[in-house]
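Only one structure is covered here, and it is reproduced in the block below.
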Amino acid sequence: MLINQVKSRITTEPTDSLFELDELKERLVIETSEDDDLLQAFLDSATDYSQQYTGIRFLNQTVTYYTDCLPASNEFLEIPSHNASAVTAISYIDPADATQTEDLADYYIDTEAMSVKIKPISGWPTIRAEGFNNFTVAVTEGWSTVDDVPDAIKQGVALLVGHYYRNRESTIIGTSATELPLGSKAHLDVYRNIYRKDYGGF
């Protein structure tokens, strides 16, 4: 039974895009510049969809995770972050409703696992018993530069943009309007993470 769930939000957006428009149009063999704004909107949408589909963030950004309560003293906290490079901050709300910042050196932190794992060296702190979002972890996720992003991901996103561009109607006869195109799916599946239904809970 799920009694606690890890929640998240992006607190620092990536500063780059997976493609410059000229590179994207070269991949998709689009020669006109009349639809540049539309292509950028499709690229933003395809990137967001592909991140949701794979379960990973593509470009360097900060994601903050929140949990209401903590596991038992001898258990680790699992954060659903699958492309992390570093945990940059840990804080909590104490029983007096004051925010306390933790020393990262007081924790075992594994950013190499499929999901980030955090465990205190000397036991979890005493956090507020009531309310929500009492324990917070900030994580840097995504590849550092566009060149570091695997080409399979970039190609999958580009193919999805091409699908959006060439099939602009909301429904295409003979196909599912919500189905990921096979070419795009084949590229993105290589990096897809499968979630448990109760992921992040304990």
Side-chain angles (χ1 to χ4, degrees), residues 1-19 40-71 75-95 97-104 106-120 124-146 148-149 153-154 156-157 160 178 180 188 191-202:
M1 177 177 165
L2 181 63
I3 60 173
N4 188 55
Q5 187 175 28
V6 178
K7 298 151 278 186
S8 69
R9 67 182 176 91
I10 298 172
T11 45
T12 303
E13 296 279 353
T15 56
D16 294 320
S17 178
L18 282 180
F19 296 100
Q40 185 62 58
F42 284 159
L43 174 58
D44 293 342
S45 177
T47 300
D48 180 62
Y49 183 97
S50 299
Q51 288 182 136
Q52 297 293 331
Y53 179 77
T54 58
I56 61 176
R57 318 276 182 180
F58 298 155
L59 289 169
N60 195 263
Q61 56 198 278
T62 302
V63 183
T64 302
Y65 293 87
Y66 307 88
T67 185
D68 304 334
C69 55
L70 292 170
E75 295 180 0
F76 60 80
L77 177 65
E78 188 174 5
I79 301 292
S81 170
H82 299 116
N83 193 19
S85 58
V87 169
T88 58
I90 296 175
S91 63
Y92 67 94
I93 302 175
D94 68 20
D97 288 336
T99 299
Q100 305 292 340
T101 300
E102 293 283 77
D103 187 340
L104 296 179
D106 292 335
Y107 287 83
Y108 298 114
I109 299 172
D110 183 3
T111 57
E112 299 299 323
M114 174 179 268
S115 56
V116 172
K117 293 180 175 62
I118 300 172
K119 184 177 181 179
W124 291 106
T126 301
I127 66 173
R128 184 174 62 181
E130 304 296 334
F132 305 104
N133 306 322
N134 297 320
F135 191 82
T136 303
V137 180
V139 183
T140 299
E141 299 184 17
W143 285 279
S144 298
T145 70
V146 174
D148 293 328
V149 179
I153 286 177
K154 294 168 75 173
V157 172
L160 188 54
T178 59
L180 190 65
L188 295 175
Y191 291 91
R192 191 180 189 194
N193 289 279
I194 305 299
Y195 292 85
R196 300 193 308 266
K197 287 185 67 176
D198 65 341
Y199 198 86
F202 54 81

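Quantities reported herein were computed from a predicted structural model and do not represent experimental measurements.
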Report the C-alpha separation of W124 and I118 in whole Å, then their side-chain angles, then the decisive distance to 0.1 Å, and conclude whether the side-chain contact (heavy atoms from CB on, under 4.5 Å) test is met.
CA-CA 10 Å; W124 291 106; I118 300 172; 4.2 Å; yes
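- Note that CG of L70 is 11.0 Å distant from CD of E75, once rounded to the nearest 0.5 Å.
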Between F58 and V157, is a side-chain contact (heavy atoms from CB on, under 4.5 Å) present by the stated rule, with each step listed?
CA-CA 11 Å; F58 298 155; V157 172; 4.1 Å; yes
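- Using a 4.0 Å cut-off between charged nitrogen and carboxylate oxygen, K7 and D68 count as a salt-bridge pair.
- Of the inter-residue distances, the one linking I153 atom CD1 with T54 atom OG1 reads 6.0 Å to the nearest 0.5 angstrom.
- The two atoms that bring I79 and S115 nearest to each other are O-CB, 3.3 Å, heavy atoms only.
- Smallest separation of non-hydrogen atoms from L188 and S50: CD1-OG, 3.5 Å.
- Counting all heavy atoms, side chain and backbone alike, T111 lies closest to S85 at OG1-O, 4.1 Å.
- A distance of 12.5 Å separates CD of Q100 from CZ of R128, quoted to the nearest 0.5 Å.
- One finds the CD1 atom of I56 at 6.5 Å from the CG atom of N193 (value rounded to the nearest 0.5 Å).
- With hydrogens and angles disregarded, a donor-acceptor distance shorter than 3.5 Å links the side chain of T11 to the backbone of T62.
- Using the six-membered ring where Trp is involved, W143 and Y191 have ring planes that are perpendicular, over 60° apart on the 30 and 60° scheme.
- Listed for the T47 side chain is a donor-acceptor partner under 3.5 Å among the backbone atoms of L43.
- I10 and R57 get closest at one heavy-atom pair: CD1-NH1, 3.4 Å.
- For the residue pair A113 and D110, the shortest heavy atom distance occurs at N-OD1, 3.3 Å.
- For the residue pair V139 and A84, the shortest heavy atom distance occurs at CG1-CB, 3.5 Å.
- With values rounded to the nearest 0.5 angstrom, K117 atom NZ is found 11.0 Å from S81 atom OG.
- Listed by chain and residue number, nothing satisfies the ring-ring contact (aromatic ring centres under 6.0 Å, His included) test with Y92 (two or more places apart in sequence, or in another chain).
- Within the 4.5 Å cutoff, no side-chain heavy atoms of E102 are placed close to those of P120.
- Evaluation of the side chain to side chain donor-acceptor pair (under 3.5 Å) rule for D48 yields no partner, not counting sequence neighbours.
- The backbone N or O of Y53 lies less than 3.5 Å from a partner atom in the side chain of R192, making a donor-acceptor pair.
- Separation of atoms CG (L18) and CG (D44) is listed at 10.0 Å; rounding is to 0.5 Å.
- With hydrogens and angles disregarded, a donor-acceptor distance shorter than 3.5 Å links the side chain of N134 to the backbone of E130.
- For Q61 (side chain) and L59 (main-chain N/O), a donor-acceptor pair under 3.5 Å exists by modelled atom type.
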Test log, rule side-chain contact (heavy atoms from CB on, under 4.5 Å), inputs Y107 and V87:
CA-CA 10 Å; Y107 287 83; V87 169; over 6 Å; no
Any chance you could lay out the side-chain contact (heavy atoms from CB on, under 4.5 Å) test for F135 and I90, step after step, and finish with the verdict?
CA-CA 8 Å; F135 191 82; I90 296 175; 3.4 Å; yes
